[in-house]
Amino acid sequence: MAADHKQLSMQESIANVIDVQMLFALMILLGIGVTMMTSTTVEIGYKSHADAFFYMKKQMMFLLLGALCIYAISRIRLAYWEQLGPLLLMVTIVLLVMVLIPGLGGTVNGSSRWIALGPISLQVSEFTKVAMIVYLSGYIVRHGSNVQQNFSAFINPMVLVSIIAVLLMMEPDFGSTVVLTALVFTMLYLGGVRLAPFILSTAFSVLVMYFLARSNEERWSRVTTFWRPFEDPLGDGFQLTQALIAIGNGGIFGEGLGGSIQKLFYLTEAHNDFVFSVLAEELGLVGIAILLSAYFVFIWRCFSLASSAQKQHMTFAQNIAYGCGIWFTLQATIHVGVNMGLLPTKGLSMPFISVGGSNLLASCIAVGLLVRVYMEVNQQGARRVHRPRRVRTRKAGQ
């Protein structure tokens with residue numbers, strides 16, 4: 001009996017700190033991520049570093065660092081994060097500029113996206129998304145009614161996101177530009193922006209994205225190739241063709257863990273941009289169902305947490321939860337869409353699954369913020385439940 005009581009108390013303690021359903025979904029995603037990371041990097045690790053588990057060891061180091069980030073960030077009150085938002089965004093903008101300076105930024109495959117911080121290199125664009133969520137969450141709180149009524153309050157964050165978009169396109173990083181722009185528009189829409197300026201700004205952004213894609217021959221070929229990849233399977237359609245072959249080979253139960261043929265230097269960036277295709281080939285429809293179910297639960301809990309914060313009038317917490325949920329939804333949906341030929345081919349990592357320390361660290365920072373939101377929403381709810389009622393006493397003679 002005492003053991004049952006102790007176990008119940010432990011479960012209640014865990015439930016007060018983190019959403020259990022979100023934690024369960026996160027553990028599944030991380031487990032799949034570690035498994036697929038090992039499977040997709042054995043060959044490339046052995047060829048490049050004479051160590052089949054080189055990338056696994058590196059990613060596990062980032063996972064440990066990510067766990068520390070979750071703990072540290074969850075210990076900081078949301079009020080401080082609200083104040084830090086503008087500073088965080090300014091720091092990321094400075095880092096985005098530094099990435100473009102020869103000698104400071106690292107260039108891989110023609111893209112300058114990385115900056116060395118001590119022994120590790122980080123992709124700044126991943127952290128820019130988290131910084132934008134924190135900044136915009138606070139901005140909506142500070143300018144709540146103005147954002148909804150005045151066009152000037154709406155246009156200010158648009159100027160900032162335009163500056164960041166220009167810097168991202170100079171790297172170039174078209175995928176992150178699309179995700180960041182869509183993230184900002186969706187958060188502002190949920191913040192109560194009037195429909196007219198929202199539609200006009202969205203239409204303008206889509207038009208700009210079109211011209212940016214059309215202005216670059218390689219970029220435009222990626223946009224058009226996904227309509228008919230098998231017309232040029234050895235040229236522009238090679239990546240998508242190999243991804244579709246991998247998904248088709250998987251069938252219901254897959255070829256077995258480590259059994260992918262396409263990852264053996266047929267499918268480029270199999271450990272990052274096309275990890276979903278390798279997962280589909282090795283684990284089949286069953287593996288896809290488990291992965292997407294875990295994502296669904298995790299994202300559903302983000303929006304559920306935002307709804308709980310909204311009911312308690314915790315606007316900043318609400319915006320943080322909405323922002324993280326939107327970001328994970330966009331990133332995962334675009335990654336799956338690209339791999340399945342539903343969207344133009346564009347390199348974009350899958351949160352918690354793709355190999356890459358920056359992607360994992362940025363995702364863990366978002367999880368730390370979500371844990372803090374959950375803790376403060378729970379505390380606020382507990383205070384309301386246990387708040388003593390005022391008892392009116394009659395005066396003498398009444």
Side-chain angles (χ1 to χ4, degrees), residues 21-44 55-56 59 63 175 179 225-227 229-230 233 237-303 324-356 359-360 363 367:
Q21 292 172 297
M22 181 183 286
L23 175 62
F24 183 67
L26 177 62
M27 296 307 293
I28 292 176
L29 290 172
L30 289 174
I32 294 174
V34 171
T35 302
M36 294 312 303
M37 169 202 60
T38 306
S39 176
T40 55
T41 58
V42 167
E43 294 291 334
I44 190 173
Y55 289 100
M56 186 201 74
Q59 192 76 353
L63 183 57
V179 170
T225 298
F226 88 104
W227 292 331
F230 290 98
F238 182 79
Q239 283 181 300
L240 181 53
T241 300
Q242 298 302 316
L244 293 175
I245 290 173
I247 294 172
N249 287 342
I252 303 296
F253 299 103
E255 296 291 330
L257 191 61
S260 171
I261 301 299
Q262 302 309 117
K263 72 181 180 184
L264 301 176
F265 308 106
Y266 290 101
L267 190 59
T268 55
E269 296 294 329
H271 57 293
N272 194 342
D273 301 341
F274 289 92
V275 68
F276 177 82
S277 297
V278 178
L279 180 144
E281 186 176 9
E282 295 190 349
L283 303 182
L285 185 61
V286 173
I288 292 175
I290 294 172
L291 174 69
L292 296 185
S293 296
Y295 267 122
F296 175 81
V297 172
F298 184 84
I299 293 168
W300 164 59
R301 294 312 300 166
C302 288
F303 289 117
C324 293
I326 293 164
W327 175 35
F328 288 127
T329 301
L330 287 169
Q331 197 105 353
T333 301
I334 293 174
H335 180 97
V336 173
V338 166
N339 278 247
M340 297 185 69
L342 302 175
L343 293 171
T345 303
K346 185 67 195 80
L348 203 62
S349 57
M350 198 173 199
F352 307 114
I353 307 298
S354 296
V355 175
N359 167 48
L360 184 58
S363 300
V367 171

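Computed over heavy atoms, backbone and side chain alike; hydrogens, waters and symmetry mates excluded.
Counting only heavy atoms from C-beta outward, the side chains of V338 and D273 never approach each other to under 4.5 Å. With contacts defined as side-chain heavy-atom distances shorter than 4.5 Å, the pair L29/L291 qualifies. When side chains are defined from C-beta on, M37 does not count as touching H271, because their heavy atoms never get closer than 4.5 Å. With contacts defined as side-chain heavy-atom distances shorter than 4.5 Å, the pair Q262/V278 does not qualify. Side chains of Q331 and S349 form a contact here, defined as non-hydrogen atoms less than 4.5 Å apart. Two residues are said to be in side-chain contact when any heavy atoms from C-beta on lie closer than 4.5 Å; I261 and N249 fail this criterion. Two residues are said to be in side-chain contact when any heavy atoms from C-beta on lie closer than 4.5 Å; T40 and Y55 fail this criterion. By the 4.5 Å heavy-atom criterion applied to side chains, T35 and L279 are not counted as neighbours.
The two atoms that bring S39 and L257 nearest to each other are CB-CD1, 4.3 Å, heavy atoms only. Between N339 and I247, the shortest heavy-atom contact is O-CD1, 3.4 Å. Across all their heavy atoms, A243 and F274 have their closest contact at CB-CD2, 3.7 Å.
Judged by distance alone, with hydrogens and angles left aside, the side-chain atoms of Q21 form no donor-acceptor pair with the main-chain N or O of V297 at under 3.5 Å. A donor-acceptor pair under 3.5 Å is absent between the side-chain atoms of E281 and the main chain of G254, judged by distance alone. Side chain of N359 to backbone of M350: a donor-acceptor contact under 3.5 angstrom is found.
Separation of atoms CG (L240) and OG (S277) is listed at 8.5 Å; rounding is to 0.5 Å. In this structure, the separation between CG on N272 and CD1 on I353 is 12.0 Å, given to the nearest 0.5 Å.
The list of ring pair (Phe, Tyr, Trp, His ring centres under 6.0 Å) pairs with a residue in residues 326-349, not counting sequence neighbours, reads F298-F328, F328-F352.
Salt bridge annotation for K263-E282: present, with a cationic side-chain nitrogen under 4.0 angstrom from a carboxylate oxygen.
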### Task
Check the pair L342 / V336 against side chain to side chain contact (heavy atoms under 4.5 Å, CB included), numbers first and verdict last.
CA-CA 8 Å; L342 302 175; V336 173; over 6 Å; no
### Query
Given the rule in the side chain to side chain contact (heavy atoms under 4.5 Å, CB included) test, do T329 and Y295 qualify, once you have shown the distances and angles that lead to the verdict?
CA-CA 8 Å; T329 301; Y295 267 122; over 6 Å; no
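Applying side-chain contact (heavy atoms from CB on, under 4.5 Å) to M36 and the options V355, T41, L283 leaves one that passes, L283.
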